[in-house]
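Heads up: the structure comes next, in structure tokens.
The structure displayed is predicted, hence computed values, not measured ones. We name chains A, B, ... by the order of the sequence lines, and we start the count at 1 in each one.
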2 protein chains.
Amino acid sequence: MKKKTTIYDIAEKLGLTAATVSRALNNNTKISLNTRKLVLDTALEMNYEQNKLALALKSGKSYNVGVIVPRIDSNFFSSVIRGIEEELYPKGYHVIICQTHNQENIENEKINSLVNVQVDGILMSISNANLEENKGFNKLLKNKKTPLVFFDRKKDIKGISSVTIDDFKGGYDATKHLLDQGCKRIAHLSNDRNFEIFRNRYLGYKQALSDNGIEFDESLVIETQSNVLDGRRVARLLLDMETPPDAIFSSSDFAALGAIQEIKESGFNIPEDICVVGFSNEPFTRFMELTAITTVDQFPLEMGRTAAQVFLEEVSNTGDTKITKNVVLTPQLIIRKSSLKHKEG
Amino acid sequence: MKKKTTIYDIAEKLGLTAATVSRALNNNTKISLNTRKLVLDTALEMNYEQNKLALALKSGKSYNVGVIVPRIDSNFFSSVIRGIEEELYPKGYHVIICQTHNQENIENEKINSLVNVQVDGILMSISNANLEENKGFNKLLKNKKTPLVFFDRKKDIKGISSVTIDDFKGGYDATKHLLDQGCKRIAHLSNDRNFEIFRNRYLGYKQALSDNGIEFDESLVIETQSNVLDGRRVARLLLDMETPPDAIFSSSDFAALGAIQEIKESGFNIPEDICVVGFSNEPFTRFMELTAITTVDQFPLEMGRTAAQVFLEEVSNTGDTKITKNVVLTPQLIIRKSSLKHKEG
DNA sequence: TATTATGTTGTAATCGATTGCATATAAACC
DNA sequence: GGTTTATATGCAATCGATTACAACATAATA
């Protein structure tokens, strides 16, 4: 009911000016110690709380950052967000969450919307491989004051920072591991390679093959959505081939799971007949009892933390030259049963 | 580099007043159609975007809502948040995320912090069973203008809305199901029963026992943290009893998983020797191949959506009397292998 | 022609805090 | 005692938008 107390209320009560009260609250040395103490005490007594909106308007800083992800209810993204929140909150920032559901128009809209509410920066994992064609995005780009940091799904744009993992290495290590297991016909469940992450995993896969004298076979690479159902669909295609593969490296844990289900139901054994490796280290890959899934850990918590740190560096940079950082984290292959033919592996 | 255009810029360019421009942009009929069109066109041309901070300061509405959860990287909470975001964004609200990690002081601090940035409401799942003792919380309570909605972990406080599931029924159904399987010595992994959710699951468990002529045995109820490790610890205790239980109903999927691991490693079979039921329907409970875990679905997405709707009703309520809604969703028992002794079950 | 109504725009206060500049008081110095 | 200097506070503009009220011009009416 009763309005919040403002510096004017305090000023009036003490027969001072709002200016003096403001300075006193900010511990400005121009104000005498007596007055400062008096104001502080009265503020406490009157339950004064600074109106951050007014401050934001005056200073141009909202102390909000926007985070845009395809969806929040996947372990990877929620872990990244966790990292971001934990890193930014102690510095006074709040985190605003937006989901795109992989729809470009929604992504567009949310970028605009965040810019509109004067966020101090945006951390995002892109949903649109052609982000540069976005009006909202370009507006953001031009406005160099608001830092933009990509994580995971990034676009290689000059002057924009990013935090990713070395997807090439992830793909390479996964494939190399399968080769070490004696696999010769390794299929790859890829995804839209307009996205760097999928392109790089694919390139790592190819390189590992080439480095080990295996000829690349285009028919073994299939574009697959990152979900269980599509994993099944694609596994079916592979199993129906004249010579089915003896291993699958999937860009997604979910697709890997679908593939495993389809393979098992078709009477094949994992890893004996077909080895499977996923990507992301989703929790369920560990908990599967019969065939815990070999996968690549992306360290999402660290990714979030790092992205937040890069943002902090950029906002605190008052110089004229913009700093751009492109941090690449190292992924880790986690070997589990789904690909382990030899116990000593 | 170049500043954002404001209504003053437009006004100056057109030889008008900011007031007129403001009205024109808001399609006020007091402004002539000609001027309105002129202003609108010029605004477009000059890339004008309304400064929401200024608006927020003037109107007292920030169009931000705060969401406080113990942690975001669990499927349950991230799904709730997904529901909240999807429901609120179309109404113009942004969602600010805060985590407490179950620490009371952090919860306190974050409540204060959110109130400070003038959120229009707070949706939260409490981390402190004695929330009423919080200063920050009480401040929020007194300020009836800012709606507060509890979800899942609530506190029964007069005048505060909530969205929960019927935890009593969840506990009852789970226990009843175990009884139907022929189990007679059913242990319960509970948790801090100062929280309503855990108390109610416990009470449902007790009621089911009593309704079916099984005497309640206090030694079979153990307070357990909601994680795998503590599940193992507690399972060990139960297995070491003179007469171990023939079933476990756990308030947490994670503890259930730990228990299952411990039980199996001790040479017992699930469900033949011991049946296990969890709570929450975390994704991994479904993916476990040998012993997919029977659990209780809490419909987190719907819970989030509903909580958001309750919030919207409260903010749009301009009347003098506050509406309080306590929505209780119905949980669903999902029977899987970990508790299914009889195929026809 | 004087008066009222109507439509359109301007004036200025407001939201709450910050800050450059001016000013008043008191202390210090010659 | 008069002038300088330090200290403490006030004045007023600013951030960007909204809005009650005033004011003006024009058209309609008596």
Do any side-chain nitrogens or oxygens of A:Ser22 fall under 4.0 Å of OP1 or OP2 in C:dT19?
no

For DNA chain C, whose closest nucleotide is more 5', that of A:Ala54 or that of B:Ser32?
B:Ser32

Please state whether the phosphate of C:dG16, meaning OP1 or OP2, lies under 4.0 angstrom from any side-chain nitrogen or oxygen of A:Thr6.
no

Could you tell me the separation between the CG atom of B:Asn28 and the P atom of C:dG10, rounded to a whole number of Å?
13 Å

Separation of D:dT9 C1' from A:Leu33 CG (nearest whole Å)
15 Å

Please confirm whether the shortest side-chain N or O distance from B:Thr20 to OP1 or OP2 of C:dG10 is below 4.0 Å.
yes

Does atom CD of A:Glu12 have more than 12 heavy-atom neighbours from other groups under 6.0 Å away?
no

Could you state the NZ-C1' distance from A:Lys58 to D:dT14, rounded to the nearest angstrom?
5 Å

If we ignore hydrogens and angles and just use 3.5 Å, is the side chain of B:Asn26 paired with the main-chain N or O of B:Ser22 as donor and acceptor?
yes

Consider the side chain of A:Ile31, meaning its heavy atoms from C-beta on, and name the nucleotide among D:dT9, D:dG16, C:dG10 that approaches it most closely.
D:dT9

Should A:Val310 and A:Val163 be marked as a side-chain contact (heavy atoms from CB on, under 4.5 Å) after you check the CA-CA gap, both sets of side-chain angles, and the distance that decides it?
CA-CA 8 Å; A:Val310 171; A:Val163 179; 4.0 Å; yes

Using a heavy-atom cut-off of 4.0 Å across all strands, would you classify A:Ser59 as base, sugar-phosphate, or nothing?
nothing

Look at the side chain of B:Arg23 and decide which nucleotide, out of D:dC15, C:dT11, C:dT8, has an atom nearest to it.
C:dT11

Is any side-chain N or O of B:Tyr8 closer than 4.0 Å to OP1 or OP2 of D:dT18?
no

Rounded interatomic separation in angstrom, taking NZ from A:Lys30 and C1' from D:dT5
13 Å

Answer with yes or no whether the side chains of B:Glu86 and A:His101 bring together a donor and an acceptor at under 3.5 Å.
yes

Separation of atom CD1 in B:Ile10 from atom P in D:dG16, rounded to whole Å:
13 Å

Can you measure A:Leu55 atom CG to D:dT14 atom C1' for me and round it to whole angstrom units?
14 Å

Starting from C1' on C:dA17, measure out to OH on A:Tyr63 and report it in whole angstrom.
15 Å

Can you see if the side chain of A:Asn26 gets near the phosphate of C:dT18 - specifically, an N or O under 4.0 Å from OP1 or OP2?
yes

What's B:Gln118 touching, base or sugar-phosphate or nothing? Going by heavy atoms closer than 4.0 Å.
nothing

Lys NZ or Arg CZ of B:Lys61 over B:Tyr63 ring: under 6.0 Å, within 45°:
yes

Output the rounded distance in Å from CG (A:Leu16) to C1' (D:dT9).
8 Å

So A:Leu25, base contact, sugar-phosphate only, or nothing? Heavy-atom distance under 4.0 Å.
nothing

